[in-house]
*Asks:* 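Structure below; questions to follow.
Numbers restart at 1 for each chain; the letters A, B, ... are given by sequence-line order, proteins then strands.
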2 protein chains.
Amino acid sequence: MAISFTEENYLKVIHRLSEATSEDISTNAVAELMQTKAASVTDMLRKLADKGWVNYQKYQGVRLSAEGEKIALSIVRKHRLWEVFLVDKMGFNWDEVHEIAEQLEHIESDQLVNKLDEYLGFPKTDPHGDPIPSKDGILPELAYSHLSDIKATKTCKLMGVAQDSAVFLQLLTKLNLNLGAKLAIKEINEFDRSIFVSINDAAPIFISHDVAKNILVKILA
Amino acid sequence: MAISFTEENYLKVIHRLSEATSEDISTNAVAELMQTKAASVTDMLRKLADKGWVNYQKYQGVRLSAEGEKIALSIVRKHRLWEVFLVDKMGFNWDEVHEIAEQLEHIESDQLVNKLDEYLGFPKTDPHGDPIPSKDGILPELAYSHLSDIKATKTCKLMGVAQDSAVFLQLLTKLNLNLGAKLAIKEINEFDRSIFVSINDAAPIFISHDVAKNILVKILA
DNA sequence: AATAATTTTTAGATTAACCTAAAAATTTAA
DNA sequence: TTAAATTTTTAGGTTAATCTAAAAATTATT
Ligand SMILES: [Mn+2]
Ligand SMILES: [Mn+2]
Ligand SMILES: [Mn+2]
Ligand SMILES: [Mn+2]
């Protein structure tokens, strides 16, 4: 069945919201991420339900069907593969690729996606540490911790970010907080929950709680 | 000013038709290439004229304005650069890339286009021998001859094709008629204008006039 | 449990891109 | 140079995706 860019974006947004919860997704939540009005969302949900891509009962929220999930994952796969391409092959920085990938994710050609995957060396994650769904729609769950949840004197490795915004990513770059960076937490300040941390064994600096919340890490010791 | 995929495709089609003639382009000609109805074209021409991208007087046909020409060339540039990418980097055959490039040509990012250009080594032509417009909108005129116009016993080099259809390109591949092939015309048959030609010094074969019409060559001797 | 606040849906419009059928203009041919 | 044929435009509709405003349903608060 034919699918429009708009429908693809709705499915992707519902998928994203579903990752954070096991509850049904509300019309308003979709409206906010789609940057549209609730009334428009209601219309679209009925349409997506007619096409069998979501399960939707009015007033009760929405969930992806198995088929909808498959479509959403294929879009996420394309988005993240293109992001890898843009960084690894085209020399973009990690804060520059999201908007372009938002366009490229709608290019329709299974052959192209699989050739791209191969060309990139079958990457497991995108430039922000997010896992790339496999050809057959399997999305590995990478269970990382938020830096804001780690206790003092622990050491960990920066594995991903919980936000793709350019301002956030640029700040991380400025602080030398790149994927793979080694973080040694020296102290956590009770007052503002800021963290005093050494990045790659350099002299420790302060990181705000707001930043730490959006940094995903693997604990080393 | 914002531009839609549809508007881009109309500008591209008007540009393509304008290359073949210095006359104004007719509504019907646009309708045929756009695979739509004349009435729809009329609507769109008025809209494109309002936006300043074409000069259009009803019943008098249409021409690109300077700005429209610039937009059309930037789309052609993207189309052809992506075709090079698909063949050179992704390993597609020349008959497989046109449809995908039709999608990729609408991706909007000057930075991406220029990085792609560099990544591909600033190619001068696409996989079909068509010239690639430069960043500042200059499209070199490659004045090649149609193989069907060459006299017998001449030798020439295959420089491009006048048609992108997959069936045509697949036939050429089957006949070993690739870009750069050396063609020695042995004889032209008056009856059906078929050509008896040696490809890369192999034993001569027959090529129909219909095929020869769509092959662009440079005369060597 | 009743009322108030919030969320969601419906009703009715709008815009872009397309369509068919009919009218108007242009071109070709008698 | 009329008449016929062809091309192009207009008129009036359709569909997808959106909007605002009002109504209905749900959830929260007294
Ligand atoms: Mn992204
Ligand atoms: Mn990403
Ligand atoms: Mn092409
Ligand atoms: Mn081409």
Side-chain angles (χ1 to χ4, degrees), chain A residues 1-14 17-18 20-64 68 71-72 75 102-103 105-106 108, chain B residues 1-14 17-18 20-64 68 71-72 75 102-103 105-106 108:
Chain A
M1 196 180 319
I3 188 169
S4 68
F5 283 21
T6 306
E7 290 167 335
E8 291 192 344
N9 285 330
Y10 270 94
L11 292 179
K12 199 180 50 154
V13 157
I14 297 167
L17 291 165
S18 302
T21 172
S22 59
E23 315 261 294
D24 287 8
I25 306 305
S26 75
T27 300
N28 264 351
V30 174
E32 191 183 340
L33 275 199
M34 283 297 298
Q35 307 206 80
T36 186
K37 294 299 155 79
S40 309
V41 174
T42 300
D43 281 353
M44 182 55 84
L45 293 186
R46 206 145 42 73
K47 194 172 140 196
L48 295 175
D50 286 349
K51 294 198 171 192
W53 296 330
V54 302
N55 297 113
Y56 166 64
Q57 304 275 87
K58 21 153 145 173
Y59 292 105
Q60 306 306 278
V62 70
R63 250 170 211 286
L64 290 177
I71 297 170
I75 300 161
E102 285 292 312
Q103 299 180 59
E105 73 190 6
H106 301 292
E108 205 179 306
Chain B
M1 195 179 322
I3 188 169
S4 69
F5 282 22
T6 307
E7 289 167 336
E8 290 191 344
N9 285 330
Y10 270 93
L11 293 179
K12 200 179 49 153
V13 156
I14 297 167
L17 291 165
S18 301
T21 174
S22 60
E23 315 261 294
D24 288 8
I25 305 307
S26 74
T27 300
N28 264 353
V30 174
E32 190 183 341
L33 274 199
M34 284 297 297
Q35 306 204 81
T36 186
K37 295 299 155 82
S40 308
V41 173
T42 300
D43 281 353
M44 182 56 83
L45 293 185
R46 206 145 41 75
K47 192 172 143 198
L48 295 175
D50 285 349
K51 295 198 172 193
W53 296 329
V54 301
N55 297 113
Y56 167 63
Q57 304 274 86
K58 38 161 140 166
Y59 293 105
Q60 306 306 275
V62 70
R63 251 169 211 286
L64 291 177
I71 297 171
I75 300 162
E102 285 292 314
Q103 300 180 60
E105 72 190 3
H106 302 292
E108 203 179 307

*Asks:* May I ask you to evaluate whether A:Asn28 reaches the phosphate of C:dT8, defined as a side-chain N or O under 4.0 Å from OP1 or OP2?
*Replies:*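 For C:dT8, OP1 or OP2 has a side-chain N or O of A:Asn28 closer than 4.0 Å.
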*Asks:* To the nearest Å, give me how far apart OH (A:Tyr56) and P (C:dT8) are.
*Replies:*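 Distance, rounded to whole Å: 9 Å.
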*Asks:* Answer with base, sugar-phosphate or nothing: what part of the nucleic acid does A:Ser40 contact at a heavy-atom distance below 4.0 Å?
*Replies:*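 Base contact.
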*Asks:* Think A:Lys37 has a side-chain N or O under 4.0 angstrom from the OP1 or OP2 of D:dT20?
*Replies:*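 Yes.
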*Asks:* Using heavy-atom distances to pick each residue's nearest nucleotide on DNA chain D, tell me which of B:Ala29 and A:Gln35 is more 5'.
*Replies:*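 It is B:Ala29, whose closest nucleotide lies nearer the 5' terminus.
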*Asks:* Separation of B:Gln57 atom CD from C:dT26 atom P, in whole Å?
*Replies:*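 Result: 12 Å.
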*Asks:* Go through D:dT18, C:dT10, C:dT8 for me and flag the one nearest to the A:Arg46 side chain.
*Replies:*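 Given the options D:dT18, C:dT10, C:dT8, the side chain of A:Arg46 is closest to C:dT10.
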*Asks:* Base, sugar-phosphate, or nothing: which does B:Thr27 touch, judged by heavy atoms less than 4.0 Å apart?
*Replies:*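 Contact class for B:Thr27: sugar-phosphate only.
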*Asks:* What is the distance, rounded to the nearest whole Å, between atom CG of B:Asp24 and atom C1' of D:dT8?
*Replies:*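 Atom-to-atom, B:Asp24 to D:dT8, this comes out as 14 Å.
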*Asks:* Which atom names give the shortest non-hydrogen contact between A:Glu102 and A:Lys12, and what distance separates them?
*Replies:*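 Reported closest heavy-atom pair: OE1-NZ, 2.9 Å.
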*Asks:* Whole-Å distance between C:dT26 C1' and B:Glu23 CD?
*Replies:*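 To the nearest whole Å, that distance equals 15 Å.
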*Asks:* Would you kindly give the OH-to-P distance between A:Tyr59 and D:dT27, to the nearest whole Å?
*Replies:*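 A:Tyr59 atom OH is separated from D:dT27 atom P by 11 Å.
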*Asks:* Relative to each other, are the rings of B:Phe5 and B:His106 parallel, tilted or perpendicular (30° and 60° limits)?
*Replies:*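 B:Phe5 vs B:His106 ring planes: parallel.
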*Asks:* What nucleotide, of D:dC19, D:dT7, C:dC18, holds the atom closest to the side chain of A:Thr36?
*Replies:*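 Among the listed nucleotides, the one closest to the side chain of A:Thr36 is D:dC19.
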*Asks:* Check whether any side-chain N or O of B:Lys58 sits under 4.0 Å from OP1 or OP2 of D:dT7, and answer yes or no.
*Replies:*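 For D:dT7, neither OP1 nor OP2 has a side-chain N or O of B:Lys58 closer than 4.0 Å.
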*Asks:* Taking B:Lys51 for the side chain and B:Gly68 for the main chain, is one N or O donor matched with an acceptor at less than 3.5 Å?
*Replies:*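 No; zero donor-acceptor contacts below 3.5 Å.
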*Asks:* Donor-acceptor check, side chain of B:Gln103 to backbone of A:Glu108, threshold 3.5 angstrom: yes or no?
*Replies:*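 Between the backbone of A:Glu108 and the side chain of B:Gln103 there is a qualifying donor-acceptor contact (under 3.5 Å).
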*Asks:* Categorize B:Tyr10 for me: base, sugar-phosphate, or nothing, with a 4.0 angstrom heavy-atom threshold over every strand shown.
*Replies:*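 Sugar-phosphate contact only.
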*Asks:* Side chain of B:Arg63, backbone of B:Ser22: donor and acceptor closer than 3.5 Å?
*Replies:*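 Flag set: sc B:Arg63 to bb B:Ser22 pair under 3.5 Å.
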*Asks:* If you check every side-chain atom of B:Asp43, which of C:dC18, D:dT18, D:dA25 has the closest atom?
*Replies:*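 Of all the options, the side chain of B:Asp43 is nearest to C:dC18.
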*Asks:* In whole Å, I'd like the distance from the CD1 atom of A:Ile25 to the C1' atom of C:dT7.
*Replies:*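 For the pair A:Ile25 CD1 and C:dT7 C1', the rounded distance is 15 Å.
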*Asks:* A:Ile3 CD1 to D:dA16 C1': how many Å, rounded?
*Replies:*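 Going from CD1 in A:Ile3 over to C1' in D:dA16 covers 14 Å.
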*Asks:* Among C:dT10, D:dT8, D:dT18, which nucleotide sits nearest the side chain of A:Ala39?
*Replies:*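 The nucleotide sitting nearest to the side chain is C:dT10.
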*Asks:* A:Thr42 has a side chain; which of C:dT8, D:dT9, C:dC19 sits nearest to it?
*Replies:*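 Closest nucleotide among those given: C:dT8.
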*Asks:* Whole-Å distance between C:dT9 C1' and A:Gln60 CD?
*Replies:*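 One finds 12 Å between C1' of C:dT9 and CD of A:Gln60, rounded.
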